[in-house]
Amino acid sequence: MTNQELANRLFPEVTTTPAEMEARYPERHLPEGAKVTRIAPSPTGFMHLGNLYGAMVDERLAHQSGGIFYLRIEDTDRKRLVEDGVETILSVFKRFGLNFDEGATLEGDKGDYGPYTQSERGFIYKTYVKDMLAKGMAYPCFCTEEELAENHRLQEENKENFGYYGKYAIWRDRPAEDVEAALEAGKPWVIRFRSQGSIEHKIRFEDLCKGTMEITENDQDVVILKSDGLPTYHFAHVIDDHLMHTTHVVRGEEWLGTLPIHIQLFDALGFKRPKYVHTAQLMKLDGTSKRKLSKRKDPEFALDYYFSEGIPIDAAVEYVMTLLNSNFEEWRRANQTAPLDEFKFNTKKMSGSGALFDLDKLSDVCKNVVARMSAEQVYDLTTAWAEDYDTQLYGLMTRDAAYTKAILSIGRGGKKPRKDFGVWNEVKTYMGFFFDELFAPDYTQMPSHVDGETVAAVLKAYMDVYRNSEASDANSWYEEVKALCPQFGFTADMKAYKAEPGKYKGSVGDIAMILRVAVCGRAQAPDLFSCMELMGKERVLERLQAAVR
RNA sequence: GGCCCCGUGGUCAAGCGGCUAAGACGCCGCCCUCUCACGGCGGAAACAGGAGUUCGAUUCUCCUCGGGGUCACCA
C-alpha cells in the first residue's frame with residue numbers, strides 16, 4: 001500500500017486539495033503594516049481575566065495598525081463544550097467594549113475567511129491531512145490508551161523523556177501489512193505528524209513579548225487529527241492562522257512549551273510563520289508563593305465577577321492595561337480624560353514576568369475612574385448594575401432620579417474630586433442615609449466626651465437656629481454652627497481646641513459631629529451642609545428631633 | 001525528572017555599563033480640615049547569591065538558588 005493509497009483509504013470522501021484551499025483563502029488586501037489578530041477561546045462557558053488580557057492586546061495591535069481583529073471559536077474539545085458557550089463569549093467581549101471586525105457571531109459568520117468555528121472546518125483540516133498522508137508527512141496510529149500509558153510507565157522507569165518518539169513511536173514505521181490489518185480489524189486511529197526534529201537541535205526564536213530565546217526542536221510525533229476526526233489545537237492553530245492570514249498570535253506563555261511543534265508544522269507545510277506574543281501569566285499570591293490565577297480559588301479571575309461586584313468596566317480595562325503596558329499609568333496621568341484608544345500600545349512595554357493580581361491597585365484604579373465620571377454617568381452605570389444585582393437600590397434610585405443624581409454630584413468635578421467609592425456595590429452604603437428606607441442611625445457615634453444631656457441640648461438649640469436659617473452655602477452654615485459654641489462652653493477655634501483640649505468642654509467639631517450623626521446617622525459623610533440641603537428642611541428637622549433623647 | 005520562561009522595595013514597575021536606583025498601589029507620620037473622602041508634604045522599604053568581563057556592574061557572561069509553566073486523542 002503506497003502512501004497515496006493509504007490516504008485514499010483513510011479519507012475517501014476528501015477530494016479537495018491544499019491548492020484549492022489556498023485559492024479559497026487568498027492574501028488579505030490590507031495597508032502596509034496592518035496586523036491581523038484573533039482571539040480564539042473555547043466555548044466552555046467560563047470567561048476569565050486571561051481571555052480579556054489577551055483580547056486587549058489583540059485588539060490594540062490590530063486596530064492601531066488598521067488591521068483586522070477577529071473571533072474564532074475553538075470547539076474541538078467536545079467534552080468541554082457548554083450549551084451557551086459562544087453566547088457567553090460574545091456577550092462578555094461586547095460588555096468589555098471589544099469589537100470584532102470579523103468572525104463568529106450569533107447570526108452566523110461575518111467575513112470571508114470562515115467558517116470561524118473549528119468544528120465546521122473539518123473538510124479543511126482533512127484536506128491537508130490527506131495530502132500530508134500522501135506525502136508521508138503523517139501516518140495513522142492505532143495505539144490504545146493502555147499502550148500509551150505503558151510507554152509512559154516505561155519512560156518513567158528508564159528516566160527517559162515522555163511522549164511518542166523514537167522507539168516509542170510504535171506506528172511510525174510499521175509495515176504496511178500491520179496497518180492494513182489494523183484497518184481491517186476496524187481499530188480506531190489518529191493521525192500523527194512525522195517529526196523530523198531532534199532534541200539535539202536548538203532553534204533561536206524571537207518572541208515579541210519575551211524577546212529572543214532558544215528552544216529545543218520537537219521530536220514528538222504529535223497527534224494532529226483525533227479519532228473523532230477533529231484536529232488537535234496544534235494542527236488547527238497552524239491551518240487556521242495560515243489560511244486566515246493571522247499575522248500576530250497572542251496567547252499565554254503556557255503555550256511556549258508547545259511552540260516547537262507549531263514552528264515545525266508551519267515550516268513543514270511551507271507556511272509563513274506568524275509573529276508570536278506570549279504573554280506572561282497572571283499570578284496570585286497564595287500564602288507565600290505565587291501561583292496561576294485559578295478558576296476555582298480566585299473569584300476575581302472570572303469576568304463575571306466584575307459584573308456582579310459592580311466594578312466599572314472601564315476601570316477593569318484600565319487596570320488590565322496597567323498590567324499590560326508599564327507606561328500606561330504615566331500616559332493616563334498625562335491624559336486624564338483621553339479615550340483609551342489614543343494610548344499607543346506597544347508589545348515592547350509588556351512585562352516578561354508574571355504579574356501578581358493586585359486587588360488594592362484595582363480598587364484604586366476604580367476610584368480614579370469613577371471620580372472622572374459625571375454624576376449622570378455614575379447614575380446610569382449604577383442603576384444598570386443595581387437592576388440586576390440590587391433591586392432595592394434600583395427602586396430607590398429610579399424613584400427620584402433627580403434627587404439621586406444630586407446626591408451623586410456632591411464633591412464631583414473640580415480639581416480634587418471626592419473618591420468615596422469605585423465599585424457600584426459600594427454606592428448603597430455611601431449614600432444610603434439619604435433615603436429614609438435605608439436610614440439606620442447609629443447614635444453611639446456621637447462624640448464620646450460630650451454627655452447625653454449636652455448632645456440633646458445642642459440638637460435643640462440647633463433646631464431653633466435651623467428653622468429660621470438663612471444659610472445658603474457651606475460657609476454661612478458653618479458660621480451658624482460656630483455661633484452655637486459659647487453657650488455650651490465649646491470653642492469655635494479648632495486650633496485652640498487641639499492645642500489645649502482640656503480648656504473647653506468641646507469644639508465646633510463636636511457640634512458638627514452631633515449634627516452629622518443625627519442627620520446622616522453616622523460619623524462619616526460628605527460635606528454636611530450639602531447633605532442637609534439635599535434632604536430638605538422637613539426631613540432634617542425630623543431626624544434632629546429623633547436624635548434628641 | 002526533561003524542556004522552557006522569569007528574578008529591582010510587600011505589590012506593579014522605570015532602568016538598558018557610571019544615577020543620592022524613578023514613579024504608582026499599599027503602609028506610617030505630619031499638614032489642610034466640621035467628620036470622612038480628596039489634596040499637599042515627608043518616611044520606612046529593593047537590584048536573590050557567587051564567580052567572571054570591565055577602570056567601573058542592577059545593567060553583559062556563566063554557575064547556584066528561588067519562583068512559574070509545560071510534558072494528553074485539553075485548549
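In what follows, chains are A, B, ... by sequence order, proteins preceding strands, each numbered from 1.
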For A:Phe433, is the NZ or CZ atom of A:Arg522 found under 6.0 angstrom from the centre of its six-membered ring and inside 45 degrees of the ring axis?
no
A:Leu356 has its side chain closest, among B:rC5, B:rA24, B:rU11, to B:rU11
Report the stems of RNA chain B as range-with-range entries sorted by first number; a stem here is at least three consecutive pairs, Watson-Crick or G-U wobble, both distances under 3.5 Å, and write none if there are none.
B:1-7 with B:65-71, B:10-12 with B:23-25, B:27-31 with B:39-43, B:48-52 with B:60-64
Take atom CD1 of A:Ile263 and atom P of B:rC3, then tell me their distance rounded to the nearest Å.
18 Å
Atom CZ of A:Arg333 and atom C1' of B:rC12 are separated, to the nearest Å, by 12 Å
In short, side chain to side chain donor-acceptor pair (under 3.5 Å) pairs touching residues 319-328 of chain A with sequence neighbours left out are none
Between B:rG67 and B:rA24 - C1' atom distance, rounded Å
24 Å
Given the P atoms of B:rC62 and B:rC6, what is the spacing between them in whole Å?
13 Å
Check ion pair A:Glu479-A:Lys482 (N to O, under 4.0 angstrom)
yes
Heavy atoms only, 4.0 Å cut-off, all strands: where does A:Lys419 land among base, sugar-phosphate and nothing?
sugar-phosphate
A:Asp360 and A:Ser363 side chains, donor-acceptor separation under 3.5 Å
no
Write down the distance between CG (A:Leu324) and P (B:rA24), rounded to a whole number of angstrom.
22 Å
What does the list of N/O pairs under 3.5 Å between the protein and nucleotides 72-75 of chain B look like, with a distance for each?
from   : atom 1 : to       : atom 2 : distance (Å)
B:rC73 : O2     : A:Ser227 : N      : 2.9
B:rC73 : O2     : A:Ser227 : OG     : 2.7
B:rC73 : N3     : A:Ser227 : OG     : 3.2
B:rC73 : N4     : A:Cys143 : O      : 3.4
B:rC74 : OP2    : A:Lys226 : NZ     : 3.1
B:rC74 : O2'    : A:Asp77  : OD2    : 2.7
B:rA75 : OP1    : A:Thr76  : OG1    : 2.7
B:rA75 : OP1    : A:Lys226 : NZ     : 2.7
B:rA75 : OP2    : A:Tyr233 : N      : 3.3
B:rA75 : O3'    : A:Ser42  : OG     : 3.4
B:rA75 : O3'    : A:Glu74  : OE1    : 2.7
B:rA75 : O2'    : A:Ser42  : OG     : 3.2

Students often get this wrong, so: under 4.0 angstrom with heavy atoms, is A:Pro260 touching a base, only sugar-phosphate, or nothing?
nothing
Between A:Glu330 and A:Lys349, does at least one N-O distance fall below 4.0 Å, as a salt bridge requires?
no
Would you indicate what A:Asp527 reaches in the nucleic acid, counting non-hydrogen atoms under 4.0 angstrom: base, sugar-phosphate, or nothing?
base
Could you tell me how far apart A:Glu318 (CD) and B:rC12 (P) are, to the nearest whole angstrom?
20 Å
B:rC60 and B:rA75: how far apart are their C1' atoms, nearest whole angstrom?
39 Å
At 4.0 Å (heavy atoms only), tell me whether A:Glu214 reaches a base, stays on the sugar-phosphate, or touches nothing.
sugar-phosphate
Calculate the interatomic distance between A:Met213 atom CE and B:rC4 atom C1'; express it in whole Å.
8 Å
Rounding to an integer number of angstrom, what distance separates B:rA57 and B:rU8 when you compare their C1' atoms?
14 Å
Tell me which nucleotide among B:rA37, B:rA13, B:rC34 gets nearest to the side chain of A:Met494.
B:rC34
Could you label the plane-to-plane angle of the A:His262 and A:His234 rings as parallel, tilted or perpendicular, counting under 30° as parallel and over 60° as perpendicular?
tilted
Measuring from A:Ile311:CD1 to A:Leu359:CG, what's the distance to the nearest 0.5 Å?
7.5 Å
Phosphate oxygens OP1/OP2 of B:rG15: is one of them under 4.0 Å from a side-chain N or O of A:Lys349?
yes
Which value, in whole Å, describes the distance between the P atoms of nucleotides B:rC47 and B:rC63?
24 Å
For A:Phe343 and A:Phe328, I'd like to know if the aromatic rings sit close, meaning centre-to-centre distance below 6.0 Å.
yes
Determine the Euclidean distance between corresponding C1' atoms of B:rA48 and B:rG7; express it in Å to zero decimal places.
7 Å
Using only heavy-atom distances, decide whether a donor-acceptor pair under 3.5 angstrom links the side-chain of A:Arg522 to the base of B:rC36.
no
So which one's nearest nucleotide on RNA chain B is more toward 5', A:Gly257 or A:Lys416?
A:Lys416
Of A:Leu323 and A:Met283, whose nearest nucleotide on RNA chain B comes first from the 5' end?
A:Leu323
What nucleic acid atoms does A:Thr44 come within less than 4.0 Å of, heavy atoms only: base, sugar-phosphate, or nothing?
nothing
Any A:Thr216 side-chain nitrogen or oxygen under 4.0 Å from OP1 or OP2 of B:rC3
no
Atom-to-atom span, CD1 of A:Ile215 to C1' of B:rC71 - whole angstrom
15 Å
Output the distance between atom SG (A:Cys520) and atom CE (A:Met532), rounded to the nearest 0.5 Å.
9.0 Å
Selected nucleotide, minimal atom distance to A:Pro417 side chain, candidates B:rC38, B:rC32, B:rC34
B:rC38
Distance check, C1' atoms only: B:rA14 and B:rU33, in whole angstrom units.
36 Å
In whole Å, what is the span from the OH atom of A:Tyr497 to the C1' atom of B:rU33?
15 Å
C1' spacing across the pair B:rG1 / B:rU58, given as an integer number of angstrom:
33 Å
Hey, is the side chain of A:Lys202 poking within less than 4.0 Å of OP1 or OP2 on B:rC4, counting only N and O atoms?
yes
Test item: side-chain donor near acceptor, A:Glu533 and A:Ser530, under 3.5 Å
no
Mark yes or no for a side-chain to base donor-acceptor pair under 3.5 Å between A:Lys498 and B:rU33, with no hydrogen or angle criteria applied.
yes
Between A:Asp241 and A:Arg72, does any NZ, NE, NH1 or NH2 come within less than 4.0 Å of an OD or OE carboxylate oxygen?
yes
Is the shortest side-chain N to carboxylate O distance from A:Arg204 to A:Glu206 below 4.0 Å?
no
Rounded to whole angstrom units, what separation is found between the OH atom of A:Tyr462 and the C1' atom of B:rC34?
12 Å
Which nucleotide in the set B:rC38, B:rC5, B:rC25 lies at the smallest distance from any side-chain heavy atom of A:Asp364?
B:rC25
